[in-house]
Amino acid sequence: MIQDNIERVYKQIEEACKRVGRDPDDIKLIAVTKTHSAAKINEALSFGIKSFGENKIQEIEEKMPDINRQGKEFHFIGHLQSNKINKLIELEPVLIHSIEKYSTAERLNKSLLRRGLTQDVLIEVNTSGEKSKNGVDPDDLNDLIKMISELSNVHIRGLMTIGTLTDDSDEIRRCFRQLRDLFQALKAQSIDNVEMKYLSMGMSGDFEIAIEEGSNLIRLGSIIFGQRHYEK
Ligand SMILES: *Cc1c(COP(=O)(O)O)cnc(C)c1O
């Protein structure tokens with residue numbers, strides 16, 4: 001079933017790309033594996049999935065020893081609490097998608113310095129305007145990026161957003177378009193130590209719109225693995 005789902009998703013990616021004249025090879029797919037067992041994750045990885053993403057450090061810490069990680073990329077996509085930074089670094093994420101505060105970036109930089117490491121990150125932007133959502137307010141994005149760009153070992157590589165949870169595709173598109181506009185404006189500024197390379201947007205329900213609006217990093221969970229069941 002996972003294999004069929006993955007094949008179907010690749011077709012949908014191709015079709016979305018065709019609609020807007022993009023190359024499917026420019027879209028990177030991250031399988032979001034939260035709540036799923038290492039065995040299920042390994043199954044997906046065996047079908048050619050190269051990147052997987054998780055949003056809870058404790059959960060991935062427990063599963064990681066059983067995941068066949070060889071040649072695969074681990075992405076951290078969840079809210080990062082300062083007291084979990086050291087644990088996360090030890091899991092060697094290729095990219096942290098969800099930096100939204102200077103204080104977190106600063107603490108991350110300190111931990112990296114101590115270990116002689118660097119870390120690629122994305123800045124999470126709140127494009128939906130919903131107070132409950134994570135991410136920096138678009139109006140504060142420029143200042144935040146300028147401050148984080150001064151941190152020697154943290155490298156900003158793009159932006160991430162979670163689209164509004166709604167059936168209104170115009171509203172979802174507005175969120176993604178806003179992030180793309182911010183991305184392009186930042187790219188034009190060419191800030192030192194900042195490279196606008198990744199535009200992380202699009203989940204199972206809205207990845208086709210995200211691709212049409214320029215996403216090059218999509219994060220798909222339920223469309224690959226089926227519905228999630230959360231344990232208490
Ligand atoms: C869970 C999650 C996803 C995947 O959601 P689906 O709707 O299952 O595809 C993507 N991004 C983030 C940040 C998530 O937490």
Side-chain angles (χ1 to χ4, degrees), residues 1-2 4-13 16 27-38 40-41 43-45 47 49-61 63 67 72-81 84 88 91 93-101 104 120-128 130 132-136 157-169 171-173 175-176 178-180 183 198-231:
M1 189 194 79
I2 290 179
D4 295 341
N5 292 347
I6 292 171
E7 277 168 17
R8 195 168 337 106
V9 161
Y10 278 129
K11 282 211 189 79
Q12 286 173 282
I13 293 171
I27 316 284
K28 197 159 162 168
L29 165 63
I30 301 169
V32 177
T33 52
K34 64 194 188 200
T35 76
H36 301 297
S37 66
K40 236 177 164 185
I41 298 169
E43 195 184 337
L45 295 176
F47 296 134
I49 294 283
K50 295 192 187 74
S51 307
F52 62 103
E54 290 266 346
N55 69 339
K56 292 216 165 62
I57 289 165
Q58 195 185 328
E59 181 185 340
I60 185 60
E61 210 180 14
K63 293 192 288 194
I67 295 174
K72 310 293 183 181
E73 293 184 341
F74 164 55
H75 292 248
F76 185 72
I77 61 173
H79 177 65
L80 180 54
Q81 293 166 279
K84 300 263 171 75
L88 178 58
L91 295 168
V94 66
L95 193 59
I96 299 173
H97 288 230
S98 36
I99 298 294
E100 55 172 345
K101 275 195 300 213
T104 315
D120 286 351
V121 305
L122 306 180
I123 305 300
E124 181 170 355
V125 183
N126 182 341
T127 53
S128 68
E130 293 165 51
S132 60
K133 284 270 173 72
N134 292 328
V136 60
R157 290 292 177 258
L159 305 178
M160 180 271 224
T161 199
I162 297 177
T164 314
L165 191 62
T166 170
D167 290 333
D168 180 355
S169 59
E171 176 55 21
I172 297 170
R173 194 178 291 280
C175 292
F176 292 157
Q178 180 179 19
L179 196 72
R180 183 195 55 196
F183 180 87
Y198 293 116
L199 194 48
S200 171
M201 55 189 198
M203 304 174 25
S204 292
D206 56 21
F207 72 96
E208 291 159 292
I209 299 174
I211 289 172
E212 289 170 12
E213 296 303 329
S215 171
N216 57 20
L217 208 47
I218 55 176
R219 312 177 306 267
L220 306 184
S222 45
I223 201 169
I224 293 174
F225 295 102
Q227 238 183 333
R228 283 182 290 274
H229 302 286
Y230 289 94
E231 281 171 43

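Keep in mind the model is a prediction, meaning the values are calculated, not measured. For ligands, and for the atoms within them, numbers begin at 1 and follow the listed sequence.
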**Request:** Tell me, with the steps shown, if Asp167 and Ser169 meet side-chain hydrogen bond (donor to acceptor under 3.5 Å, both in side chains).
**Result:** CA-CA 6 Å; Asp167 290 333; Ser169 59; over 6 Å; no
**Request:** With heavy atoms only and a cut-off of under 4.0 Å, state how His97 meets ligand 1: side chain, backbone, both or neither.
**Result:** neither
**Message:** I'd like to know if the side chain of Ser128 reaches the main chain of Glu130, judged simply by a donor and an acceptor atom lying under 3.5 Å from each other, with no hydrogens or angles considered.
**Reply:** yes
**Message:** Whether the side chain of Lys63 engages the backbone of His36 through a donor-acceptor N/O pair (distance < 3.5 Å, no angle test) should be reported.
**Reply:**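 Here the side-chain-to-backbone pair exists.
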**Item:** Selected option - heavy-atom contact closest to atom 7 (O) of ligand 1, from Gly78, Ser222, Ala31
**Value:**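 Among Gly78, Ser222, Ala31, the closest heavy atom to atom 7 (O) of ligand 1 comes from Ser222.
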**Prompt:** Among Met203, Arg219, Arg228, Lys34, whose heavy atom sits nearest atom 2 (C) of ligand 1?
**Reply:**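 Shortest heavy-atom distance from atom 2 (C) of ligand 1: Lys34.
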Close-contact set for ligand 1 against [X] heavy atoms, below 4.0 Å:
| X | result |
| --- | --- |
| Ile77 | 11 (N), 12 (C), 13 (C), 14 (C) |
| Gly221 | 4 (C), 6 (P), 8 (O), 9 (O) |
| Leu220 | 9 (O) |

**Identity and distance of the protein heavy atom lying nearest atom 9 (O) of ligand 1** =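 The closest one turns out to be Ser204 OG, 2.5 Å.
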**Item:** Glu73 vs Lys50, salt bridge (charged side-chain N to carboxylate O under 4.0 Å, His left out): CA-CA, chis, key distance, verdict
**Value:** CA-CA 6 Å; Glu73 293 184 341; Lys50 295 192 187 74; over 6 Å; no
**Message:** Please report whether ligand 1 has a polar contact with Ile223, defined as an N or O pair separated by less than 3.5 Å (distance criterion only).
**Reply:** no
**Asked** Are side-chain N/O atoms of Ser222 and Gln227 paired as donor and acceptor at under 3.5 Å?
**Response**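 No donor-acceptor contact under 3.5 Å links the two side chains.
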**Message:** Would you say NZ of Lys72 has more than 12 non-hydrogen atoms from neighbouring residues, nucleotides or ligands within 6.0 angstrom?
**Reply:**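 Count over threshold, so yes.
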